[in-house]
Amino acid sequence: MPEYVFRYAAPYLEVAGSKDSYIISKNGQKYLDFLMGWCVGNAGWNKKTITDSIRRFKGPTYVSPTYNYGRWEELGKKLVSLTELDATCFRATGGTEAVELALKISKAYNRRKNFIAFKNAYHGQSFACMALVGLHANKFGPYPDDYVRINLGKWDKVTDTVVNAILRKGVCAFISEPIICNLGVIVPPKSFFESVREACDETNTVMIIDEVATGFGRTGEWFGFQNYGIKPDIITVAKGFSSGYAPIGAAVADAKISESMRFGFSNYSTFGWQPLAVETAMANINYMEKNKLIDKSKRSGEYLMNRLAEFCEPQGKGLCVGFNVKNENIKKDCRDNGLLIDAFDGRSVLFPALDVSKNEIDKAVEIIKKNSKP
Ligand SMILES: Cc1ncc(COP(=O)(O)O)c(C=O)c1O
């Protein structure tokens, strides 16, 4: 049979529907979803309140980036208020575009060459996003020498390496997730981000925090950086911005830094903040606020971590959790028992819906425990 749509992996699940914390396959099997599309479905799948708002929408089909649209202002104001930053939003359709924007804004601001990121982390699949972390270098490289990739290790050493790299001058921006989901949910210490902040301030280097996966309550705060009491210069968001009900993203940049983008055609995204996507993001944020999903994420995350600690050493914040267990097939074994998780390089990760119930956590933990070898 020809493959009409490119797939990079053998499909193991044909999705027919989804509701709350569950995915229903074409053959009728129900899976407890502890991935939620990798930090996408924070609000939970198919919430009537959100789908009703989408159906009720009577606004324009489309607004060109060259016009104005009141709801852009309203969503921008709301997003900025949640970040507690003095910032301006740049419209995007998803995470990669948001990260590209953050890199562009940084470059327009200080005109420097180098970008610092963690090696093998993940910030998207555009050329710049791949070059940041060295992704697929053997296929798409060599990348330009503008990128400095730092290995993770003991935090004292990592902090020194990053700070020294920034202090060497000529660095345009440093970028990292606040809690590094894409390396298996690694939680850097507060002192790391404080030191990086200090070095960035000293050298006028831009500090970008990629919140594409960690944003919108995933870590028990609206944004992951809020766990550390630091203020980044730019954050990037997508995924949980709409909880998957529509494609939307943004770079939210310090107001002063944003000024550097005021030149002709510096940014144009045909579908960035398309009206229905804007309405959806609004409905998603309202739903999260009304249902206190950020508090729930914090409380349920503590419960999940405590339950996992009965047999392994979980790391994480809120409902963003990583752990090691001895089973190379943990992902498949869990799936065979009706639970969706992810696992790579010996590390398992869990990103449940923010309103996941205690019973669902218990059920998931039992499946993981049963399939973990001592
Ligand atoms: C931290 C992070 N940044 C950026 C991206 C890219 O986002 P998108 O797939 O929406 O382009 C991802 C996607 O998984 C991500 O996890």
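Numbering of ligands and ligand atoms starts at 1, following listing order. Computed over heavy atoms, backbone and side chain alike; hydrogens, waters and symmetry mates excluded. The shown structure was predicted, so the numbers you read here are calculated from the model rather than taken from an experiment.
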Distance filter under 4.0 Å, heavy atoms only, around ligand 1 gives G94, G95, T96, Y122, H123, G124, E177, N182, D210, V212, A213, K239
So, for P178 and F193, which heavy atoms are closest and what is the spacing to 0.1 Å?
O-CE1, 3.4 Å
Using 4.0 Å as the upper bound for N to carboxylate O, is an ion pair formed by E366 and K363?
no
F223/F216 aromatic ring centres below 6.0 Å
yes
Within 45° of the axis and under 6.0 Å from the centre of the six-membered ring of F351, does NZ or CZ of R218 qualify?
no
For the residue pair F265 and Y268, does the interplanar ring angle fall in the parallel (under 30°), tilted (30 to 60°) or perpendicular (over 60°) class?
tilted
Can you tell if the side chain of E313 reaches within under 4.5 Å of the side chain of N324, non-hydrogen atoms only?
no
